[in-house]
Amino acid sequence: MQNYHMNLDWGDIGYNFAIGGDGRVYEGVGWPRQGIHTLGWNTKSYGIGFIGNFAKVKPNAKMLKAARLLIMCGIQKKFMTQSVELHGARDATCTESPGDALYKIIKQWPMFKGGPLEEYRC
């Protein structure tokens, strides 16, 4: 993933974190550094990538739990506020990310505020 992102001239992995099928959270650029995951929104967001294709297949329960715990960690460590908004990349740019199956799940989470953002480019 890092090589792919660096070949795009991003300089490093684009996400702040990535979540694997094993339920582990892998650190990309972490909390303190700005990711390069969503053009126009990098300065005001954290990028969490789910490793895999979730267009038709749902991520497993371990992955979903890890994502929720990571968001709670960001709030506890004051990198994010209690009023954090959750969006999919498709809300801000021309992409199918995070995939229809995953998007349907995160739409049910209380902090979800998805839908096209005011600077939507498609």
Side-chain angles (χ1 to χ4, degrees):
M1 184 183 294
Q2 184 182 38
N3 284 340
Y4 176 76
H5 287 180
M6 290 179 76
N7 286 336
L8 295 172
D9 288 328
W10 288 2
D12 202 341
I13 191 166
Y15 301 115
N16 297 88
F17 299 95
I19 299 176
D22 56 3
R24 292 183 181 186
V25 175
Y26 296 91
E27 187 172 18
V29 295
W31 292 117
R33 288 188 51 208
Q34 179 181 310
I36 309 172
H37 43 80
T38 310
L39 184 63
W41 292 91
N42 296 319
T43 60
K44 44 192 155 189
S45 65
Y46 290 99
I48 302 172
F50 283 71
I51 300 171
N53 182 336
F54 301 102
K56 295 181 181 174
V57 177
K58 296 177 185 177
N60 67 44
K62 288 180 185 178
M63 295 177 86
L64 298 170
K65 181 179 179 181
R68 289 189 305 270
L69 291 173
L70 178 61
I71 293 167
M72 288 177 11
C73 174
I75 293 168
Q76 289 173 345
K77 292 186 177 279
K78 309 248 185 266
F79 289 105
M80 294 186 274
T81 65
Q82 288 284 342
S83 61
V84 64
E85 291 186 7
L86 178 63
H87 296 269
R90 67 176 59 184
D91 297 331
T93 192
C94 297
T95 182
E96 293 182 18
S97 181
D100 288 343
L102 176 53
Y103 196 70
K104 285 178 187 174
I105 292 169
I106 65 172
K107 283 171 70 171
Q108 305 303 314
W109 293 2
M111 72 281 288
F112 181 80
K113 303 288 186 228
L117 297 166
E118 66 269 8
E119 297 173 21
Y120 189 60
R121 291 178 173 78
C122 279

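Under the 4.5 Å side-chain contact rule for hydrophobic residues, L8 and L39 do not share a cluster. Hydrophobic cluster membership differs between I51 and L102, with clusters built from Ile, Leu, Val, Met, Phe, Trp and Tyr side chains linked at under 4.5 angstrom. Under the 4.5 Å side-chain heavy-atom criterion for Ile, Leu, Val, Met, Phe, Trp and Tyr, F79 and I71 are members of the same hydrophobic cluster. Linking Ile, Leu, Val, Met, Phe, Trp and Tyr residues whenever their side-chain heavy atoms come within less than 4.5 Å places L70 and I105 in a single cluster.
In this structure, the side-chain hydrogen bond (donor to acceptor under 3.5 Å, both in side chains) partners of S83, at least two apart in sequence or on a different chain, are T81. Residues forming a side-chain hydrogen bond (donor to acceptor under 3.5 Å, both in side chains) with Q2 (at least two apart in sequence, or on another chain): D12.
In this structure, T95 contributes its side chain and S97 its backbone to a donor-acceptor pair below 3.5 Å. Proximity of a side-chain donor or acceptor of D91 to a complementary backbone N or O of H87 within less than 3.5 Å is not detected.
Here the shortest heavy-atom pairing between A55 and D100 reads O-CB, 3.4 Å. Minimum interatomic distance between P98 and F54 (heavy atoms only, all atoms of both residues): O-CB, 3.7 Å.
Residues H5 and I36 fail the side-chain proximity criterion, which asks for heavy atoms closer than 4.5 Å. Considering only heavy atoms from C-beta on, W109 comes within 4.5 Å of L64 through its side chain. At a threshold of 4.5 Å between non-hydrogen side-chain atoms, the residues F112 and Y103 count as touching. Side-chain contact between H37 and N42: present, with at least one pair of heavy atoms (C-beta onward) separated by less than 4.5 Å. Side-chain contact check for V29 versus Q34: every heavy-atom pair is 4.5 Å or farther apart. For the pair W31 and M80, the minimum side-chain heavy-atom distance is below 4.5 Å.
Between atom CD1 of residue I106 and atom CE of residue M111 there is a gap of 10.0 Å, rounded to the nearest 0.5 Å. Atoms CD and CE, on Q82 and M72 in that order, are 10.0 Å from each other to the nearest 0.5 Å.
In the displayed structure, E96 atom CD is contacted under 6.0 Å by at most 12 heavy atoms of other residues, nucleotides or ligands.
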Take K113 and L86, measure what side-chain contact (heavy atoms from CB on, under 4.5 Å) needs, and give me the verdict at the end.
CA-CA 6 Å; K113 303 288 186 228; L86 178 63; over 6 Å; no
Side-chain donor-acceptor contacts of residues 13-24 below 3.5 Å, not counting sequence neighbours, with atom names and distances?
unit_1: N16; atom_1: OD1; unit_2: G47; atom_2: N; d: 2.7
unit_1: N16; atom_1: ND2; unit_2: G30; atom_2: O; d: 2.8
unit_1: N16; atom_1: ND2; unit_2: R33; atom_2: O; d: 2.9
unit_1: D22; atom_1: OD1; unit_2: R24; atom_2: N; d: 3.0
unit_1: D22; atom_1: OD2; unit_2: Y26; atom_2: OH; d: 2.6

